[in-house]
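Reviewing the structure listed below.
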Amino acid sequence: METASCSILHTLAFSNNTATATINNNHHLFLPPKTNPSFSSTFPRNFNFHGKPLQFNGFAAFSSPSSAQSQNPPQELAVLLEVDGVIMDAYRLGNRQAFNLAFQKLGLDCANWTEPVYSDLVRRSAGNEEKMLVLYFNRIGWPTSLPTSEKEPFVKSVLREKKNALEELMLKSLPLRPGVEDFIDDACNKGIPVIILTAYGRSGEKTARSIVEKLGDERLSKIKVVGNEEVEKSLYGQLVFGKGMSSSLDEQLAKEARKAASAEKQRIAEEVASLLKVSVNIDTSSSERLEKIVASLRAGAEIAEVPVCNCILVAGSKSGLAAAEQIGMPRVALRSSFTSRAEFPTANAIMDGFGGPDLTISKLCEKRWS
């Protein structure tokens, strides 16, 4: 795993009575002296930042914004934004409505999810949409003409129609996440590059780019959008995916090692399965997806012309956070309705939204990751 040793901001020198608290992964949180009324002299699991509880993992908090250091512009900084759950929280506004549209399209007149029904299904299934449908139809009854063997294809057909309905809602009627436009404007006004990542995500690149277009032409002229084409054209993309030049020896060795490990896992699993008289297939898609996200993040840093360790990913997905951790990129998890109860152990900080007591450019500039 790669790690980054450089920091976003210069380290401040504190007096001898500065308190130090150890966080996971041997990171340290440097707290101001006890005389500073805005910070506690002890380290709680969650502590207040500008009046709102905020979770930190490996996050170093500096002195108040009134200090001389915080008045200076960032040493070098870029912000990378995911689309799903960050630019738009489609699952808060449109997911339930999309399910109901799918039911109508398939002629399931008896199926209709009210807000209480939808919330209960989300809670009981932990957000797993296939499980939500199974729980629901187990409760109200499956279509009478549906054979038992056809339940799985039926669920997939509902999810397919729901996905189409949600994409249409996102393009036509759903608004952007509150505060995201001001957040981007603030970054641009401070000369901080903003990169929006559309190469990966639940909604797909085509839909993600359409969502980004809602930011408006003037705002789009000041930021960069990184999709599959931009990733493939980047230096890292050419190295890894072999478009235009061969991979470096380290990249080739790493790829071959991953393939060998997957093959060995499959072999062992098949030996065990033969004893149990079952068949198995090891899924390697997750590692391939992570590799794609890593390439997107590196391409974003390359286009921003800022080192990876000085880029901050604002993510709504665990996979994005995992990829950023792998390459040493600082990362902030932004909760959405789809991840409101999720844990983000790999995030440096967890926020609920943009602006005010939540995520702002000023707060990013006042922080560094050690």
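Each residue takes its place number in the sequence, starting with 1.
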Determine whether [X] and [Y] make a side-chain contact, defined as any pair of heavy atoms from C-beta on separated by less than 4.5 Å.
| X | Y | result |
| --- | --- | --- |
| L166 | T207 | no |
| E161 | S157 | no |
| L313 | L81 | no |
| E167 | K206 | no |
| N310 | L77 | no |
| I350 | V332 | no |
| V308 | L297 | no |
| I192 | V79 | yes |

*Begin from the C-alpha positions of M329 and C309 and carry the test side chain to side chain contact (heavy atoms under 4.5 Å, CB included) through to its verdict.*
CA-CA 5 Å; M329 180 180 289; C309 57; over 6 Å; no
_Pairs involving residues 290-310, ordered by first then second residue, that meet ring pair (Phe, Tyr, Trp, His ring centres under 6.0 Å) (sequence neighbours left out)_ = none
Within the side chain of [X], is there an N or O that forms a donor-acceptor pair under 3.5 Å with the backbone of [Y]?
| X | Y | value |
| --- | --- | --- |
| E230 | G227 | yes |
| N348 | R331 | yes |
| R219 | L215 | yes |

*asked:* Assess, by modelled atom type and distance only, whether the side chains of E205 and Y200 contain a donor and an acceptor separated by less than 3.5 Å.
replied: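 No donor-acceptor contact under 3.5 Å links the two side chains.
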Is [X] salt-bridged to [Y], cutoff N-O under 4.0 Å?
| X | Y | value |
| --- | --- | --- |
| E213 | R209 | no |
| D185 | K190 | no |
| E130 | K156 | yes |
| E129 | K162 | yes |
| K233 | E229 | yes |

Would the number of heavy atoms belonging to other residues, nucleotides or ligands and lying under 6.0 Å from [atom1] of [X] be above 12?
| X | atom1 | answer |
| --- | --- | --- |
| K224 | NZ | no |
| E218 | CD | no |
| D109 | CG | no |

*Decide yes or no on salt bridge (charged side-chain N to carboxylate O under 4.0 Å, His left out) for D120 and R139, but give the supporting numbers first.*
CA-CA 12 Å; D120 180 60; R139 181 192 303 173; 3.1 Å; yes
*Quick one: do V306 and I184 end up in the same hydrophobic cluster if we chain Ile, Leu, Val, Met, Phe, Trp and Tyr together by side-chain heavy atoms under 4.5 Å apart?*
no
_Please give me the minimum heavy-atom distance between A165 and L101, naming the atom from each residue._
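The answer is CB-CB, 4.0 Å.
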*asked:* To the nearest 0.5 Å, what is the distance between CD on E76 and SG on C311?
replied: 8.5 Å
*asked:* Assess the residue pair R298 and E302 against the criterion (salt bridge (charged side-chain N to carboxylate O under 4.0 Å, His left out)); give the C-alpha distance rounded to whole Å, side-chain angles, the decisive distance to 0.1 Å, and a yes or no.
replied: CA-CA 6 Å; R298 286 199 174 279; E302 181 182 322; over 6 Å; no
*Under a single-linkage rule joining Ile, Leu, Val, Met, Phe, Trp and Tyr whose side-chain heavy atoms are separated by less than 4.5 Å, which residues share a cluster with L121?*
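L121 shares its hydrophobic cluster with F99, F103, L106, L108, W113, V117, Y118, V122, M132, L133, V134, L135, Y136, F137, I140, W142, L146, F154, V155, V158, L159.
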